[in-house]
Amino acid sequence: MVKTRIVDISLKVCCALFVVASLALTFTVSDYYIFNKIGYSEGEFGFFFVLSQWVKKSGLLLLPLAAYFKKNRCAQAAKYILPAFILFSMFAFGRFFDITMLTDDAPPAQKVLASINEFVPKSANMALFFCAAVLELACCALLFVRDGYKFGVNSLTHFALAFVAVMPLNIFENLYDVNAIGRDSPLWFKNFTVWHFLMLAALILCTIAYYLFLKRKRAKLQREWLCAIAFALLIQYHSKDSFVLGDGYNVYNHVFACVPLFICNIGVYIAALSVILKKRTLYSISFFVHAAGALSVFVYFGRDEISNYGIFAGHSILYFCVTHVLLFMLAVLPSALGHYKFVLKDCIIPMAYYCVVIVAAALASGAVTSASMNFSYDGYTLAESEWIYPNYAFTQINPLPIPCPTVPFMLWKCEFNLIYLIILYLVYVSMFWVFTGAYYAFKAIKRKTYRTTFFALYDNAYETAATKDSDVPSCRR
């Protein structure tokens, strides 16, 4: 028993350290920069090294599920598949650690940003890379000690699911040259195009499909599948760090855009922790604030003239949609599945929380913009048009086409409008209440018309199948 406990604790510690080291690596240019540059020509990276890095990332999903939830198939897939790819990557990295945006021919402003973005030096990058690899190998070894050598073919299915769930979303850029596609191309993502409506349909269909998938499972299994989504969301969210530092994400190419103060960015952590920790306060914030926030962006993706999501298969729009779909699912499914029941008094903490977010975002954006006025490198200082306005600078910039009354105040060197901040807060809170009202309306309609809805037909079909086949468990029988 003592040996088993030591092995179990060691596995959990190694897994936690592996996750921390891997997420820290996302703040390096090289981490995701390689995935849209597969090949062997100058400036590209070998197929097998890129594949090994992708497979290693599946361990970020498989190992936590194996270590903390004791999912046998995840453990089997991890310990038999990951080691070979980890070892290969440790000897075939080539020019991986030499990737830099700080080149002689780069524009002066890009050099300034690159000098800030590449705050992780090459030595630290290499140390983190090999530490993460050793820790991942240690987790696989400890799984052999804990579970033995059993292997089931079904574990390959779990590996395939994890492999797809952590897919680098810039991988499709190997199939086309984005520079050869003009902004007027129908492939470019813009509001109210076919791509916009397809993304909205994906949000609705994915949420319904996952609800139906989980509805008949036991509560314990439901939570484990929700935690799997949470881990996948955190992995995909942190991929943006490396996108920003390398090829850029949307209109952002500076590390300050990685600070999670935009409403959906911080929502990633709140929603993920809500299902992992099962805390009522986190559930209420996730449902009341972040469900509406994630849904609203699918209605309007922001002004086309100040956005650059690229074509529909580019990493910017794929990242945006994948993370926001997963965020919406994590925000609404715990309530839909009965893990958490939202009541009106639960709105108090979320409303106070969002007020804190607005204030923190204003303070942070003011600090970043003010500091950027003095950013320089090699004798060049950023011009006024190059000052940094991070994604949480929505507290500074009024996106509305009409002006609002002004009550100015200064934060460092930036002027803010108190009236605009108050209106911004009230607009978002109103949006949260509209979503909550729709939730209660849906519940009322469902109670009256349940027997004729698609969900009732699904339940009846399941009941019929369970009655005819004794091997199919029925939750009501």
Inset, instruction - Could you give me the CA-CA distance, side-chain angles and deciding distance for T193 and W188, then say whether side-chain contact (heavy atoms from CB on, under 4.5 Å) is met? - result: CA-CA 9 Å; T193 60; W188 212 268; over 6 Å; no
Legend entry - Nearest heavy atoms of A67 and D8, plus distance in Å: O-OD1, 4.4 Å
Inset, instruction - Considering non-hydrogen atoms only, spot the tightest contact between A132 and F18 and give its length. - result: O-CD1, 3.4 Å
Is there a donor-acceptor contact under 3.5 Å from the side chain of [X] to the main chain of [Y]?
X: Q222; Y: L214; answer: yes
X: H290; Y: I263; answer: yes
X: K79; Y: F151; answer: no
X: D241; Y: T28; answer: no
X: W195; Y: A313; answer: no
X: H324; Y: Y319; answer: no
X: Y210; Y: W225; answer: yes
X: S242; Y: S239; answer: no
X: E173; Y: H315; answer: yes
X: S335; Y: K341; answer: no

More than 12 heavy atoms of other residues, nucleotides or ligands under 6.0 Å from [atom1] of [X]: is that the case?
X: F172; atom1: CZ; answer: no
X: K279; atom1: NZ; answer: no
X: L337; atom1: CG; answer: yes
X: F192; atom1: CZ; answer: yes

[X] vs [Y] side-chain heavy atoms within contact, under 4.5 Å:
X: M329; Y: L233; answer: no
X: F288; Y: M351; answer: yes
X: V55; Y: L82; answer: yes
X: E118; Y: T100; answer: yes
X: I99; Y: K37; answer: no
X: I81; Y: L156; answer: yes
X: L326; Y: L330; answer: no
X: D346; Y: F287; answer: no

Inset, instruction - Kindly state each residue pair satisfying salt bridge (charged side-chain N to carboxylate O under 4.0 Å, His left out) with at least one member in residues 284-302, sequence neighbours excluded. - result: none
Legend entry - N391 side chain to N250 side chain, donor-acceptor N/O pair below 3.5 angstrom: no
Inset, instruction - Establish, from distance only, whether the side-chain atoms of N170 and D247 form a donor-acceptor pair under 3.5 Å. - result: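 Side-chain D/A pair, N170 to D247: absent.
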Inset, instruction - List the steps and the verdict of side-chain contact (heavy atoms from CB on, under 4.5 Å) for F301 and C321. - result: CA-CA 10 Å; F301 283 79; C321 290; 4.1 Å; yes
Legend entry - Lys/Arg cation over aromatic F129: K56, 6.0 Å, 45° cone: yes
Inset, instruction - Tell me, please, whether F45 has R95 positioned over its six-membered ring: NZ or CZ under 6.0 Å from the ring centre and within 45 degrees of its axis? - result: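 Yes, R95 sits over the ring of F45.
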Inset, instruction - Pick out which of F93, F88, F96 makes a ring-ring contact (aromatic ring centres under 6.0 Å, His included) with F49. - result: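 Among F93, F88, F96, the one that satisfies the ring-ring contact (aromatic ring centres under 6.0 Å, His included) with F49 is F96.
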Inset, instruction - Evaluate the criterion ring-ring contact (aromatic ring centres under 6.0 Å, His included) for residue pair F432 and Y354; output intermediate values, then yes/no. - result: CA-CA 11 Å; F432 302 152; Y354 187 64; 5.4 Å; yes
Legend entry - S316 side, atom OG; Y249 side, atom OH - distance, nearest 0.5 Å: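 Those atoms lie 6.5 Å apart.
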Legend entry - Listed partners of R218 passing side chain to side chain donor-acceptor pair (under 3.5 Å), at least two apart: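 With sequence neighbours excluded, R218 shows a side chain to side chain donor-acceptor pair (under 3.5 Å) to no residue whatsoever.
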Inset, instruction - Show the numbers, then the answer: is there a side-chain contact (heavy atoms from CB on, under 4.5 Å) between F85 and E136? - result: CA-CA 11 Å; F85 292 93; E136 194 168 9; over 6 Å; no
Legend entry - Residue pair Y80, F159: steps toward the ring-ring contact (aromatic ring centres under 6.0 Å, His included) verdict: CA-CA 10 Å; Y80 278 104; F159 170 74; over 10 Å; no
Legend entry - All salt bridge (Lys or Arg N to Asp or Glu O under 4.0 Å) counterparts of K71, not counting sequence neighbours: E224
Inset, instruction - Could you walk me through whether L245 and M101 pass the side-chain contact (heavy atoms from CB on, under 4.5 Å) test, one step at a time? - result: CA-CA 8 Å; L245 305 185; M101 307 304 290; over 6 Å; no
